[in-house]
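Notes for the one structure printed next.
As the structure lists them, so they are numbered: ligands from 1, and atoms in each ligand from 1.
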Amino acid sequence: MTNKEVQARHAELCRQLHHHSHRYHALDAPEISDAEYDQLLQELLEIEKKHPSLIVPQSPSQRVGAQPQTGFKQIVHRRPMLSLENAFNAEDLREFDTRIKRLLASDEPIAYLCEMKLDGVAIELVYRDGLLQHASTRGDGEVGEDVSANARTIGAIPLQLKPDAPPLLEVRGEVYMELAPFRQLNTQRREEGEKTFANPRNATAGSLRQLDPRITARRPLTISCYGLGEIEAEQPPTTQLEMLQKLHAWGLRVNLETLFLAEDIEAVITRYQKLQTERDNLPFEIDGLVVKVNSFALQQELGEKSRTPRWAIACKFPPRQEQTVLESVRFQVGRTGAITPVANLRPVNVSGVTVSSASLHNWDEIARLGIRVGDTVIVERAGDVIPDIVKVLIEKRTGAEQPIPEPTSCPACGSTVAREEGEVVPRCQGLSCSARLKEALKHFASRGAMDIEGLGDRFIDQLLQLKLVTNVADLYHLTREDFFQMERMGEVLADKLLAAIAASRQRPLERLLFGLGIRHVGAHLAKVLSRRFGSLDNLCLATFEQLLETHEIGPQVAASLLRFFADELNLEVLRQLQASGVHPEASAAPQGVHLAGKVFVFTGKLERFSRSEGEELVEQQGGRASGSVSKKTDYLVAGPGAGSKLAKAEQLGVKILSEEEFLNLLHDQTTGE
Ligand code: IVH
């Protein structure tokens, strides 16, 4: 190719990639599969590698995340980023409306645009001639931090707008994380021994303020735009609703379907009350309703106070918090020996859910809260499945409260415990600790690992009591006679369990690696390692350097792997596993095309497979999994308890499948029937 041809191809690839990114993120209506998108991106990366002069800031290649920074520059907002006054009920809203009418000296009903108040982090994006110049946080409203490098990694933030976008456009919006990917992120962090985030807002703030944009790039962030800073347009919008529609048309992501134009304040109140009951069914966290005078002319007339506009208000929802008492603390011993404190709470109903325990996380957290047994506390449900204690009511103390001591011996086996430097919890050092072994077996048999159906708590407890297993490899030596020693065990059940154990020998390498419970190796990294090394033997022989060369593997994980494979007892278990017929191979990367271009959404309680397994099956066949139902959704796979997504799919005429039908579809497609 001549230089000119290369340039033309590069421009064409950029155009196509921008187009498809917009279809996917802003319209939720992709035209090509993820695999096809990756192919285009790969071609672009190769061209830019050979011709680095073609790399421009708006190139789709720049989304992967630049080099770490040492700090954030400051950016002065051309117009201050205001904040909102709060209302808490219908009465406050009526007062707001009365004030506005008084200021406008009018009795006419006011039209308000109602927007959901997303619980994330405010950001400003500045576009010049359609190109993203920089992105900044709100800061103190006047001066924010330059988070451009991080914003560029967020797929939902366009690097380039549509050709009809105005020459200068400053957009404000909320960066946030949807609940499903947030919970997945926390699960992954739990598996990898990292601290979890208390709620999606904290996870968003932590991700956006990363000095290393490559970390931000791996976090499932998205954005919804809600306002303007400066704009230079030939025909500027005249209402809030028109403005948001224009932003959307220019290529920005706006949750248009969540907007509601109310003809007067009573319609706003109805919307506020209805939303409060629907709040739990949304795919993201909201903490209220933002109410804005729709007309820009009226907004201007009303003006602003020092930090808040007079034409808008945030009507907040009550937090999902209740008061209760910390009755006692129990200690859980995990499979790595980590001893974590768990609060036993006097049961309390928190917005429809009975809460009787909460994680206390670790002793740093206990010290931070200053919590004692007997204390009256405030518990909150926010995003994560596990509730949190947010506050101790010191004024309710009677003097009888007792401090929570750090255990000096393992509550399960009595072995000594040690808290190493830099660790926030003590660990049981007993290698034959039954609690550790129980957790290790449960994890090994779990769905994401070796998936041994039926081998749950009850049988694992008995296997341990009868001393039939001392490590995971022993599972493969169990006989019918062994099982007959157990309570409530018949022939049928014993054979079923034996068959499930036997079937697990066929699981791919990544499942075994995950199942071994190596510290910091969760399901995702297990897959990365399995693809890179291909076999247990190769991984076992890998050097520190080879491990570090693997994308996503850092020094902490590499050191943990070396420690694991240096331990003679671990090697013996691996030898026993291999001797009993467990010879896992790495599963191949996505290959099929049977579902190419098809978009699937999973909802409800899935019983045959987890959501991530379902999504993986779809992706393996070239399809795409999405979190929300839209016109472009081809199939909704619905389990029991499906709610709003099912209703929406029915309304849009999307084909609805049961889990069974989904599996049949896959089977038919892959066998060509
Ligand atoms: S408007 C001039 N609209 O809430 C108006 N804010 O307390 C300034 N937020 O800092 C903000 N959703 O982070 C507006 N639809 C929405 C919003 C929203 C969430 C956040 C935003 C802001 C805070 C205001």
Q. Counting from 1, what ligand 1 atoms have a heavy atom of L118 closer than 4.0 Å?
A. 12 (N), 19 (C)

Q) Between atom CG of L208 and atom CD of E145, what is the distance when rounded to the nearest 0.5 Å? A) 9.5 Å

Q. Heavy-atom distance under 4.5 Å between the side chains of Y37 and L17, does that happen here?
A. yes

Q: For H22 and L161, indicate whether the former's side chain and the latter's backbone hold a donor-acceptor pair under 3.5 Å.
A: no

Q: Among all protein heavy atoms, pick out the one at the shortest distance from atom 3 (N) of ligand 1; state its residue, atom name and that distance to 0.1 Å.
A: K292 NZ, 3.0 Å

Q) With sequence neighbours excluded, what pairs up with R172 under the side-chain hydrogen bond (donor to acceptor under 3.5 Å, both in side chains) test? A) E124

Q. For K246 and E242, what are the C-alpha separation, side-chain angles and deciding distance, and is it a salt bridge (Lys or Arg N to Asp or Glu O under 4.0 Å)?
A. CA-CA 6 Å; K246 283 211 154 129; E242 188 200 346; 3.1 Å; yes

Q: Check ligand 1 against A122 and write out every atom of the ligand that is under 4.0 Å from a heavy-atom position of the residue.
A: 10 (O), 13 (O)

Q. Can you list the atoms of ligand 1 that are under 4.0 Å from a heavy atom of L82?
A. 2 (C), 8 (C)

Q: Just do the salt bridge (Lys or Arg N to Asp or Glu O under 4.0 Å) check on R368 and D364 with the steps written out, would you?
A: CA-CA 6 Å; R368 193 183 67 79; D364 282 4; over 6 Å; no

Q. So which heavy atom in the protein is nearest atom 5 (C) of ligand 1, and how far is it from that ligand atom?
A. L84 CD2, 3.7 Å

**Q.** Atom indices of ligand 1, in the order listed, that fall short of 4.0 Å to a heavy atom of E115
**A.** 3 (N), 15 (N), 16 (C)

Q: I would like to know whether L118 and Y226 meet side chain to side chain contact (heavy atoms under 4.5 Å, CB included); could you show each step before the answer?
A: CA-CA 10 Å; L118 289 162; Y226 56 63; over 6 Å; no

Q) Which word best sums up how the rings of F96 and Y112 line up, parallel for under 30°, tilted for 30 to 60°, or perpendicular for over 60°? A) tilted

Q) So is S83 close enough to ligand 1, meaning a heavy atom under 4.0 angstrom away? A) yes

Q.
With heavy-atom distances below 4.0 Å as the criterion, list the atoms of ligand 1 near P309.
A. 2 (C)

Q. Taking heavy atoms and a distance under 4.0 Å, where does M116 meet ligand 1: side chain, backbone, both or neither?
A. backbone

Q: To the nearest 0.5 angstrom, please state how far the OG1 atom of T196 sits from the CG atom of L185.
A: 9.5 Å

Q | Nearest non-hydrogen protein atom, atom 6 (N) of ligand 1 | A | Y226 CZ, 3.5 Å

Q: Determine yes or no for a side-chain-to-main-chain donor-acceptor pair under 3.5 angstrom, with R253 supplying the side chain and I223 the backbone.
A: yes

Q) What do we get for E174 next to ligand 1 when only non-hydrogen atoms under 4.0 Å count, side chain, backbone, both or neither? A) side chain

Q) Mind checking whether M81 has a heavy atom under 4.0 Å from ligand 1? A) no

Q: Ignoring angles and geometry beyond distance, decide whether R138 reaches within less than 3.5 Å of ligand 1 through its nitrogen or oxygen atoms.
A: no

Q: Return the residue, atom name and 0.1 Å-rounded distance of the protein heavy atom closest to atom 23 (C) of ligand 1.
A: K117 NZ, 4.0 Å

Q. Would you say A312 contacts ligand 1, with heavy atoms under 4.0 Å as the rule?
A. no

Q.
Checking contacts here: is it the side chain or the backbone of V290 that comes within 4.0 Å of ligand 1, counting heavy atoms only? Could be both or neither.
A. side chain

